[in-house]
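Have a look at the structure below, then the notes.
Positions are given from 1 along the sequence. All values reported here derive from a predicted model rather than from experimental measurement.
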Amino acid sequence: MRSEAYAAPPRAAETGAVGIPGWRDELWLILVGAWDGVLRSCYSVTQFTDDPRCVLRIGRGSTRHGVRFADGSEIHAGETIGTLHFWNEQLPPFSRGGPDLRWAATMHRRVLHSLRELARFVETDPDWRDIRAFRGEAALSSRLGAVQLRRVIEQYGFECAGEPASWLRQLHDLGECFTARALTRAYNPNALPRQRFFRPYHDLWLSRATLIARHGARRRGR
(Lines give C-alpha, C1' and ligand atoms only; values in the text may rest on other atoms or scores of the structure.)
Protein backbone atom coordinates (compact mmCIF):
# COMPACT_ATOMS: atom_id res chain seq x y z
CA MET A 1 0.00 0.00 0.00
CA ARG A 2 1.49 3.31 -1.02
CA SER A 3 1.92 5.98 1.64
CA GLU A 4 0.52 9.45 1.12
CA ALA A 5 2.90 12.38 0.78
CA TYR A 6 2.32 15.05 3.41
CA ALA A 7 0.77 18.25 2.14
CA ALA A 8 0.87 21.46 4.14
CA PRO A 9 -2.36 21.97 6.12
CA PRO A 10 -4.69 24.88 5.36
CA ARG A 11 -3.91 28.26 6.81
CA ALA A 12 -5.57 29.39 10.03
CA ALA A 13 -7.88 31.80 8.24
CA GLU A 14 -9.27 28.91 6.21
CA THR A 15 -10.00 26.69 9.20
CA GLY A 16 -11.82 29.27 11.29
CA ALA A 17 -9.31 29.07 14.16
CA VAL A 18 -9.95 31.79 16.71
CA GLY A 19 -8.53 33.14 19.93
CA ILE A 20 -4.78 32.70 19.29
CA PRO A 21 -2.46 35.00 17.29
CA GLY A 22 -2.04 33.95 13.67
CA TRP A 23 1.56 32.70 13.88
CA ARG A 24 0.62 30.30 16.68
CA ASP A 25 -2.24 28.96 14.61
CA GLU A 26 0.13 28.42 11.71
CA LEU A 27 2.72 26.69 13.90
CA TRP A 28 0.13 24.42 15.51
CA LEU A 29 -1.28 23.48 12.11
CA ILE A 30 2.18 22.64 10.79
CA LEU A 31 3.12 20.54 13.83
CA VAL A 32 -0.18 18.66 13.98
CA GLY A 33 -0.26 18.23 10.21
CA ALA A 34 3.26 16.80 10.23
CA TRP A 35 2.41 14.38 13.07
CA ASP A 36 -0.76 13.35 11.25
CA GLY A 37 1.35 12.71 8.16
CA VAL A 38 3.70 10.47 10.16
CA LEU A 39 0.76 8.47 11.52
CA ARG A 40 -0.73 8.09 8.03
CA SER A 41 2.59 6.82 6.74
CA CYS A 42 2.96 4.32 9.61
CA TYR A 43 -0.56 2.96 9.05
CA SER A 44 -0.38 3.15 5.22
CA VAL A 45 -3.34 5.51 5.11
CA THR A 46 -3.95 7.04 1.71
CA GLN A 47 -6.65 8.85 -0.21
CA PHE A 48 -8.63 6.91 -2.79
CA THR A 49 -10.06 9.97 -4.55
CA ASP A 50 -9.19 13.63 -5.11
CA ASP A 51 -12.82 14.68 -4.68
CA PRO A 52 -12.93 17.68 -2.29
CA ARG A 53 -16.26 16.45 -0.87
CA CYS A 54 -14.77 13.16 0.34
CA VAL A 55 -14.24 12.99 4.11
CA LEU A 56 -12.65 9.51 4.28
CA ARG A 57 -9.24 7.98 3.69
CA ILE A 58 -8.40 4.28 3.73
CA GLY A 59 -5.63 2.01 4.94
CA ARG A 60 -5.01 -1.67 5.59
CA GLY A 61 -4.82 -3.60 8.82
CA SER A 62 -5.64 -6.97 10.31
CA THR A 63 -8.48 -7.78 12.65
CA ARG A 64 -7.72 -9.08 16.15
CA HIS A 65 -10.99 -10.99 16.40
CA GLY A 66 -13.60 -12.51 14.15
CA VAL A 67 -16.75 -10.63 13.15
CA ARG A 68 -20.00 -12.00 11.74
CA PHE A 69 -22.11 -9.45 9.89
CA ALA A 70 -25.86 -9.11 9.62
CA ASP A 71 -25.68 -9.88 5.87
CA GLY A 72 -24.24 -13.33 6.68
CA SER A 73 -20.63 -12.62 5.68
CA GLU A 74 -17.86 -13.31 8.19
CA ILE A 75 -14.20 -12.46 8.72
CA HIS A 76 -11.69 -14.23 10.94
CA ALA A 77 -8.97 -13.15 13.36
CA GLY A 78 -5.80 -12.14 11.52
CA GLU A 79 -7.58 -11.43 8.23
CA THR A 80 -6.53 -8.33 6.28
CA ILE A 81 -9.19 -5.63 6.31
CA GLY A 82 -9.59 -2.07 5.15
CA THR A 83 -9.42 0.70 7.72
CA LEU A 84 -11.40 3.94 7.48
CA HIS A 85 -10.05 7.29 8.67
CA PHE A 86 -11.53 10.76 8.61
CA TRP A 87 -9.87 13.15 6.15
CA ASN A 88 -9.47 15.92 8.71
CA GLU A 89 -8.71 18.73 6.30
CA GLN A 90 -11.98 18.13 4.44
CA LEU A 91 -14.37 17.76 7.37
CA PRO A 92 -16.85 20.66 7.54
CA PRO A 93 -15.91 22.78 10.58
CA PHE A 94 -18.38 23.96 13.20
CA SER A 95 -19.53 27.56 13.16
CA ARG A 96 -18.90 29.71 16.23
CA GLY A 97 -22.32 28.68 17.52
CA GLY A 98 -21.50 24.98 17.27
CA PRO A 99 -23.06 22.26 15.12
CA ASP A 100 -26.46 23.06 13.66
CA LEU A 101 -28.87 21.46 11.21
CA ARG A 102 -27.00 22.87 8.23
CA TRP A 103 -23.74 21.32 9.48
CA ALA A 104 -25.47 17.99 10.15
CA ALA A 105 -27.00 17.94 6.65
CA THR A 106 -23.66 18.78 5.05
CA MET A 107 -21.86 16.09 7.02
CA HIS A 108 -24.56 13.53 6.17
CA ARG A 109 -24.25 14.27 2.44
CA ARG A 110 -20.48 14.07 2.55
CA VAL A 111 -20.41 10.76 4.40
CA LEU A 112 -22.85 9.26 1.89
CA HIS A 113 -20.83 10.67 -1.01
CA SER A 114 -17.60 9.32 0.50
CA LEU A 115 -19.06 5.84 0.89
CA ARG A 116 -20.23 5.90 -2.73
CA GLU A 117 -16.75 6.90 -3.85
CA LEU A 118 -15.29 4.13 -1.67
CA ALA A 119 -17.65 1.57 -3.22
CA ARG A 120 -16.66 2.76 -6.69
CA PHE A 121 -12.99 2.40 -5.76
CA VAL A 122 -13.15 -1.11 -4.31
CA GLU A 123 -15.34 -2.29 -7.19
CA THR A 124 -12.74 -1.24 -9.77
CA ASP A 125 -9.34 -1.53 -8.06
CA PRO A 126 -7.95 -5.10 -8.25
CA ASP A 127 -5.74 -4.57 -5.18
CA TRP A 128 -8.87 -4.27 -3.03
CA ARG A 129 -10.80 -7.15 -4.55
CA ASP A 130 -10.05 -9.52 -1.65
CA ILE A 131 -10.84 -7.06 1.16
CA ARG A 132 -14.06 -8.33 2.73
CA ALA A 133 -14.63 -5.74 5.47
CA PHE A 134 -13.76 -2.24 6.62
CA ARG A 135 -13.33 -0.99 10.17
CA GLY A 136 -13.41 2.53 11.53
CA GLU A 137 -13.22 4.01 15.02
CA ALA A 138 -15.44 6.76 16.32
CA ALA A 139 -16.12 8.44 19.65
CA LEU A 140 -19.91 8.49 19.52
CA SER A 141 -21.94 10.73 21.77
CA SER A 142 -23.84 8.74 24.39
CA ARG A 143 -26.34 11.60 24.70
CA LEU A 144 -28.14 10.27 21.64
CA GLY A 145 -29.18 7.14 23.49
CA ALA A 146 -28.54 3.57 22.44
CA VAL A 147 -31.48 3.30 20.02
CA GLN A 148 -30.81 6.60 18.24
CA LEU A 149 -27.09 5.84 18.16
CA ARG A 150 -27.69 2.52 16.44
CA ARG A 151 -29.98 4.18 13.91
CA VAL A 152 -27.32 6.75 13.02
CA ILE A 153 -24.77 3.98 12.51
CA GLU A 154 -27.04 1.64 10.58
CA GLN A 155 -28.25 4.23 8.09
CA TYR A 156 -24.80 4.06 6.49
CA GLY A 157 -24.54 0.26 6.74
CA PHE A 158 -22.17 0.10 9.73
CA GLU A 159 -22.38 -2.33 12.62
CA CYS A 160 -20.90 -2.10 16.11
CA ALA A 161 -18.68 -5.04 17.06
CA GLY A 162 -16.06 -3.96 19.56
CA GLU A 163 -13.21 -6.08 20.88
CA PRO A 164 -13.34 -7.28 24.50
CA ALA A 165 -12.51 -4.62 27.10
CA SER A 166 -8.91 -4.66 28.31
CA TRP A 167 -6.26 -2.30 29.63
CA LEU A 168 -4.66 -2.32 26.17
CA ARG A 169 -7.92 -1.09 24.68
CA GLN A 170 -8.18 1.64 27.31
CA LEU A 171 -4.60 2.69 26.58
CA HIS A 172 -5.41 2.76 22.88
CA ASP A 173 -8.48 4.93 23.50
CA LEU A 174 -6.42 7.32 25.62
CA GLY A 175 -3.94 7.76 22.78
CA GLU A 176 -6.80 8.38 20.38
CA CYS A 177 -8.16 11.06 22.72
CA PHE A 178 -4.85 12.95 22.67
CA THR A 179 -4.69 12.72 18.88
CA ALA A 180 -8.33 13.77 18.46
CA ARG A 181 -7.80 16.75 20.77
CA ALA A 182 -4.81 17.94 18.76
CA LEU A 183 -6.59 17.51 15.42
CA THR A 184 -9.70 19.28 16.69
CA ARG A 185 -7.61 22.21 17.91
CA ALA A 186 -5.99 22.45 14.48
CA TYR A 187 -8.92 21.88 12.12
CA ASN A 188 -12.14 22.48 14.05
CA PRO A 189 -11.35 24.71 17.06
CA ASN A 190 -14.97 25.74 17.61
CA ALA A 191 -15.68 22.12 18.61
CA LEU A 192 -13.26 22.14 21.56
CA PRO A 193 -15.68 23.53 24.21
CA ARG A 194 -18.12 20.69 23.38
CA GLN A 195 -15.58 17.87 23.31
CA ARG A 196 -14.86 15.93 26.47
CA PHE A 197 -11.23 14.86 26.63
CA PHE A 198 -11.70 11.17 27.40
CA ARG A 199 -14.30 9.49 25.25
CA PRO A 200 -14.46 5.73 24.67
CA TYR A 201 -14.03 4.73 21.05
CA HIS A 202 -16.28 2.28 19.23
CA ASP A 203 -15.34 -0.07 16.41
CA LEU A 204 -17.65 0.46 13.44
CA TRP A 205 -17.64 -2.35 10.88
CA LEU A 206 -18.84 -2.32 7.29
CA SER A 207 -18.80 -5.50 5.24
CA ARG A 208 -17.81 -5.29 1.60
CA ALA A 209 -21.11 -6.88 0.62
CA THR A 210 -23.11 -4.19 2.43
CA LEU A 211 -20.89 -1.40 1.08
CA ILE A 212 -21.52 -2.54 -2.50
CA ALA A 213 -25.22 -3.24 -1.93
CA ARG A 214 -25.94 0.15 -0.33
CA HIS A 215 -23.49 2.45 -2.07
CA GLY A 216 -22.25 0.60 -5.16
CA ALA A 217 -22.87 1.08 -8.88
CA ARG A 218 -26.34 -0.50 -8.94
CA ARG A 219 -27.55 1.66 -6.07
CA ARG A 220 -26.03 4.79 -7.64
CA GLY A 221 -27.81 3.93 -10.89
CA ARG A 222 -31.19 3.81 -9.15
Side-chain angles (χ1 to χ4, degrees), residues 4-20 25-26 28-41 43-59 82-121 134-141 143-144 149 152-153 155-158 173 175-197 199-204 206 211 215:
E4 180 184 358
Y6 167 65
R11 302 177 68 86
E14 298 171 343
T15 63
V18 294
I20 295 181
D25 286 330
E26 297 285 353
W28 185 253
L29 283 167
I30 291 171
L31 292 175
V32 171
W35 174 243
D36 190 34
V38 170
L39 291 177
R40 294 200 308 269
S41 180
Y43 291 101
S44 299
V45 178
T46 187
Q47 62 193 59
F48 55 89
T49 177
D50 293 325
D51 193 318
R53 294 171 295 170
C54 181
V55 296
L56 295 176
R57 292 185 176 113
I58 55 173
T83 57
L84 300 178
H85 308 264
F86 275 127
W87 191 339
N88 298 291
E89 297 89 334
Q90 300 198 164
L91 291 173
F94 290 177
S95 67
R96 290 177 182 269
D100 51 22
L101 289 177
R102 178 178 296 181
W103 179 90
T106 299
M107 189 64 181
H108 172 68
R109 289 194 300 269
R110 291 195 181 185
V111 170
L112 282 178
H113 178 74
S114 302
L115 291 172
R116 290 166 186 155
E117 289 298 305
L118 177 61
R120 189 197 309 274
F121 175 76
F134 295 84
R135 178 179 62 82
E137 294 180 352
L140 303 173
S141 173
R143 291 177 297 177
L144 289 174
L149 192 59
V152 170
I153 295 168
Q155 69 176 316
Y156 301 113
F158 286 97
D173 287 357
E176 289 294 322
C177 291
F178 276 107
T179 301
R181 191 76 175 179
L183 290 170
T184 301
R185 175 64 188 86
Y187 297 110
N188 194 5
N190 289 322
L192 281 178
R194 298 166 178 82
Q195 179 177 303
R196 291 184 295 112
F197 174 74
R199 299 174 296 166
Y201 279 73
H202 301 264
D203 289 342
L204 304 183
L206 179 64
L211 173 66
H215 308 288

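Taking the side chain as every heavy atom from C-beta outward, Leu204 and Arg135 never approach each other to under 4.5 Å. With contacts defined as side-chain heavy-atom distances shorter than 4.5 Å, the pair Leu211/Leu118 qualifies. Within the 4.5 Å cutoff, the side chain of Tyr156 has no heavy atoms near those of the Leu206 side chain.
A side-chain donor-acceptor contact under 3.5 Å links Trp103 to the backbone of Pro92. No donor-acceptor pair closer than 3.5 Å links the side chain of Gln90 to the backbone N or O of Val55.
Interatomic distance, Arg102 CZ to Thr106 OG1, rounded to the nearest 0.5 Å: 7.5 Å. With values rounded to the nearest 0.5 angstrom, Glu117 atom CD is found 12.0 Å from Leu112 atom CG. One finds the SG atom of Cys54 at 6.5 Å from the NE2 atom of His113 (value rounded to the nearest 0.5 Å). To the nearest 0.5 angstrom, His215 atom NE2 is 10.5 Å from Ser114 atom OG. Atom-to-atom distance recorded for Leu91:CG and Met107:CE is 5.0 Å, nearest 0.5 angstrom.
Salt bridge Glu89/Arg57: present, at least one basic N to carboxylate O contact under 4.0 Å.
The minimum heavy-atom distance between Trp87 and Leu56, with the atom names listed, is CE3-O, 3.7 Å.
Applying the ring-ring contact (aromatic ring centres under 6.0 Å, His included) test to Phe86 and every residue at least two apart in sequence or in another chain returns nothing. Remark: Asp51 engages Arg53 in a salt bridge (Lys or Arg N to Asp or Glu O under 4.0 Å) (not counting sequence neighbours). Partners of Thr83 under the side chain to side chain donor-acceptor pair (under 3.5 Å) rule, at least two apart in sequence or in another chain, are His85.
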Item to complete: Test side-chain contact (heavy atoms from CB on, under 4.5 Å) on Asp203 and Phe158 and set out the steps.
Response: CA-CA 10 Å; Asp203 289 342; Phe158 286 97; over 6 Å; no
Discussion item. Quick one, Val45 with Ile58, criterion side-chain contact (heavy atoms from CB on, under 4.5 Å). Give me CA distance, side-chain angles, the key distance, then yes/no.
Written reply: CA-CA 5 Å; Val45 178; Ile58 55 173; over 6 Å; no
